[in-house]
Amino acid sequence: MDEVCNCEQEATTQTTKVLFSFGIIADIQYADLDDGYDFLGIRRRYYKQSLHHLQSAIEYWNGIETRLEFVLQLGDIIDGFNAQHNMSERALEKVMKEFKKLRTPVHHIWGNHELYNFNRDYLTKSELNTKYLQDQTLHGNSIRDQNTTGDADAELYYAYQFSPMAKFRFILLDAYDLSILGRDKSTKKYEDSLHLLREKNPNENLNSPIDLVEPRFVQFNGGFSQDQLNWVNDVLMYSDKNQERVVIVGHLHDGGYCQDSHGIHHLTLEGIIETPPESNAFGTIYVCNDRMILKGRGRVPDRVMHYRDSTALM
């Protein structure tokens, strides 16, 4: 397709070539409901249309001449309103039926809307648990197991890593590891999360950021446990030792981009749910030996993200 050709043209220097590519899509939030608005009543949300946008993305990815290595589904696959209408399982089945048409593996991340619809036990047993795609070889390289607490049910987090090719590693995070969403009220993580929320957010509605000094402390957000941070640190140390380039993937609302003072790129994707029928919002990332090239569709802009060191992988 033209996009692949154009991407190859951008990667024509002696040290630059496309090694593999993958798709990214976020905040589908499908529900068989009429259009609505976000929590603040400002942004329009296209619940039914989101499924059509997903279908268009899958059709596009399946039509790319050079097969994608994988697709990242960045969370909020169905909307929380499904739970209020007892439609959660039906909505998930419809969306997963579309994903099954993809000719490449899909890695699923859990956002707050997954946890509005299902508890963690359900999600762990569902098709949204793609941890079976993780790189199993790291278990033999002193990467600690998640269950370091010795707890009976362990209150495990949903995070894993995989390597699509040598010298590249992707880490998928559980951004709701510390949260009152999806956790049983008897668990320590639920109790600790609720205590922190009430300490930082005096509002009666814990989803409200009104007058908060730290507006991130709302119920629809989450955080990382020390166990998960320790695990991430172990994976990063392994990657550093083996000179791997690392992509860390999590769940965050809204689209945006910045490159920090350390040369690390931070990218979030515009959501499908707030995309009008005449547009779309997904992307394809072409991974080169000296940069990543994002080719966006609809509301997602193109970007070129050079690696922070000047040494290309040969």
(message) For R45, is there an ion pair with D34 - N to carboxylate O distance below 4.0 angstrom?
(response) no

(message) I'd like to know if K100 and E127 make a salt bridge, using a cut-off of under 4.0 Å between side-chain N and carboxylate O.
(response) yes

(request) Please check if the side chain of N201 supplies one atom and the backbone of L197 the other of a donor-acceptor pair under 3.5 Å. (result) no

(request) Check for a donor-acceptor pair, side chain of N242 on one end and backbone N or O of Y238 on the other, with a separation under 3.5 Å. (result) yes

(request) Examine H107 together with F162 and report whether their ring centres are nearer than 6.0 Å. (result) yes

(request) Please find out if less than 6.0 Å separates the ring center of F282 from that of Y60. (result) yes

(message) Would you say the ring centers of F20 and F168 fall short of 6.0 Å from each other?
(response) yes

(request) State whether the side chain of N221 and the backbone N or O of R216 hold a donor-acceptor pair below 3.5 Å, judged by distance alone. (result) yes

(request) Taking the side chain as every heavy atom from C-beta outward, state whether I171 and V246 have any atom pair closer than 4.5 Å. (result) yes

(message) Does this structure show an ion pair linking R183 with D177, if we count only N-O contacts that are shorter than 4.0 Å?
(response) yes

(request) Ignoring hydrogens and angles, state whether a donor on the side chain of T284 or W61 is under 3.5 Å from an acceptor on the partner side chain. (result) yes

(request) Would you mind telling me which of R303, H266, H265 makes a side chain to side chain donor-acceptor pair (under 3.5 Å) with Y257? (result) H265

(message) For K101, is there an ion pair with E98 - N to carboxylate O distance below 4.0 angstrom?
(response) yes

(request) Answer yes or no: are there more than 12 heavy-atom neighbours, outside D211 itself, under 6.0 Å from its atom CG? (result) no

(message) Closer than 4.0 angstrom, basic N to acidic O: yes or no for K167 and E244?
(response) no

